[in-house]
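Quick notes on the structure that follows.
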Number of protein chains: 2
Amino acid sequence: MATAKTEKLSASLEDYLEAIYNLSVDGSVARSKNIAQALEVSRASVTGALRILAEKQLVNYKPYGYITLTKQGCIEAQRVVRKHNIIEKFFVDVLGVEHTVAQKAACEAEHAFGPQIVEKLLCFIEFVNSYNKNGYDLHDEFRSFFRKHGSIAAGDSN
Amino acid sequence: MATAKTEKLSASLEDYLEAIYNLSVDGSVARSKNIAQALEVSRASVTGALRILAEKQLVNYKPYGYITLTKQGCIEAQRVVRKHNIIEKFFVDVLGVEHTVAQKAACEAEHAFGPQIVEKLLCFIEFVNSYNKNGYDLHDEFRSFFRKHGSIAAGDSN
DNA sequence: TTGAAAAGTTAGTTTGGACTAACTATATTA
DNA sequence: TAATATAGTTAGTCCAAACTAACTTTTCAA
């Protein structure tokens, strides 16, 4: 009954799904060109990835046709995007990392974090946000702690 | 003046350096066999990696000879190992993730975290450890918060 | 001291994921 | 509606990183 292949997706294929999802979000449809730009790969690479994703029944794709996510593809994409957002949020909101650095690192780290860690991380962000014992705000507390004890590090930015 | 190549190492090569470092730590010397076991790759793959690392002057390697890290190799390895340990510590000590899951995820995530994030993360672990305003321990606080608000998730363990 | 067993290497193959160059299809606009 | 620009595909290449099978070197025990 044509059950879609449930093998774990490679980091690369997850990136393509994520890009397609993000491009589809604002009403507009994902185009090969835009996917290539978003991921900074060649158009030919996009074609190759789309063929594989279509085989796995994660995208609806016919040569020269529109590109949309299948039901399953959408579920997968959302899983990846959600993970990305949680990780990025942790970097920015909790650690106070620069947005651009956080964005880039989240993009790579998202493939390494399994469900247990992601859920714990999400819960931890909520914990930090909601913490308010005796009027102490953990964001402020950590900021000032970092000012006192944080290393300079920096260097190559990322 | 034979300046060692300073190109960024691939995740794979970082893994090899890390394994060699860890095997060398307890006095004993890294052997090809043990590296293969540690990384769960074939002995032939180890030979290939060692050749490349030797070219980059990160290991001292002659066929059939002992394997040791060069000065620069040791610096690189320590950088990777330190990163790994900080990430794993965060997962286990702060998030309360199972040790085995944390270990595995840290191994993959270590290649994605740049210096800025690692330093912030380290500082954050120290912050959580040292926090003691009005006798509140953040570890306890989060544990109980997670019990109340954490999702079940689980499923495929990782 | 010699001859298996173990360790290590070499040669050749595979796979995933990228690339360029050249071709084809679609869209646009004069 | 024909010419041309743009988008997309195909074919072929490259590279890193893994693999197996077969070979060589080293080690160790009889």
Side-chain angles (χ1 to χ4, degrees), chain A residues 5-20 23-24 28-69 73 76-77 80 104 107-108 110-112, chain B residues 5-20 23-24 28-69 73 76-77 80 104 107-108 110-112:
Chain A
K5 286 273 166 56
T6 181
E7 278 171 27
K8 203 163 156 295
L9 288 167
S10 69
S12 168
L13 290 180
E14 283 192 350
D15 285 339
Y16 281 101
L17 275 188
E18 189 178 14
I20 294 166
L23 287 168
S24 308
S28 82
V29 76
R31 305 201 53 181
S32 199
K33 177 87 179 309
N34 303 325
I35 299 170
Q37 285 170 337
L39 297 177
E40 298 185 280
V41 298
S42 71
R43 284 167 300 153
S45 299
V46 174
T47 302
L50 289 176
R51 251 210 315 267
I52 294 167
L53 290 172
E55 266 169 35
K56 293 181 185 291
Q57 296 174 253
L58 298 172
V59 300
N60 299 118
Y61 166 70
K62 283 271 160 69
Y64 298 103
Y66 287 122
I67 300 153
T68 56
L69 293 167
E76 290 293 319
V80 177
K104 220 175 99 190
C107 219
E108 296 180 30
E110 75 197 14
H111 310 294
Chain B
K5 284 274 166 56
T6 183
E7 276 172 27
K8 201 162 157 298
L9 287 168
S10 69
S12 167
L13 290 180
E14 283 193 350
D15 285 339
Y16 282 100
L17 276 188
E18 190 178 12
I20 295 166
L23 287 168
S24 308
S28 82
V29 78
R31 307 201 54 182
S32 199
K33 177 84 179 312
N34 303 325
I35 299 169
Q37 285 171 336
L39 297 177
E40 299 186 280
V41 297
S42 70
R43 284 167 299 154
S45 298
V46 175
T47 303
L50 289 175
R51 251 210 315 270
I52 295 167
L53 290 172
E55 265 169 36
K56 294 181 184 292
Q57 296 174 252
L58 296 172
V59 300
N60 300 117
Y61 166 70
K62 283 274 161 66
Y64 299 103
Y66 286 123
I67 300 153
T68 55
L69 294 166
E76 291 292 319
V80 176
K104 218 176 100 188
C107 219
E108 295 179 31
E110 76 197 14
H111 309 294

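Protein chains get the first letters and strands the later ones, always in sequence-line order, with residue 1 at the start of each.
Between A/Arg31 and D/dA7 there is no side-chain polar atom (N or O) within less than 4.0 angstrom of OP1 or OP2. Considering only side-chain N and O atoms, B/Ser10 lies nowhere under 4.0 angstrom from the phosphate OP1 or OP2 of D/dA16. Side-chain nitrogen and oxygen atoms of A/Ser45 include none within less than 4.0 Å of the OP1 or OP2 phosphate oxygen of C/dA18. The phosphate of C/dT9 (OP1 or OP2) has a side-chain N or O of B/Tyr61 nearer than 4.0 angstrom.
Of the candidate nucleotides D/dC19, D/dA17, D/dT9, D/dA17 has the atom lying nearest to any side-chain atom of B/Ser12. Side chain of B/Ala44, nearest nucleotide from D/dC19, D/dA11, D/dG8: D/dC19. If you check C/dA11, D/dT9, C/dG8 against the side chain of A/Tyr64, the one that comes closest is D/dT9.
As judged by a 4.0 angstrom heavy-atom cut-off over every strand, B/Ser42 is placed among the base-contacting residues. A/Thr47 comes within 4.0 angstrom of a nucleotide base, judged by non-hydrogen atoms across all strands.
Residue-to-nucleotide proximity on DNA chain C shows that, of A/Arg43 and A/Tyr16, the 5′-proximal contact is made by A/Tyr16. For B/Glu40 and B/Pro63, each mapped to the nucleotide of DNA chain D holding its nearest heavy atom, the one lying further toward the 5' end belongs to B/Glu40.
Of the possible donor and acceptor atoms, one in the side chain of A/Ser24 sits under 3.5 Å from a partner among the backbone N and O of A/Ile20.
Distance check, rounded to the nearest 0.5 Å: CG of A/Leu39 to OH of A/Tyr16 gives 6.0 Å.
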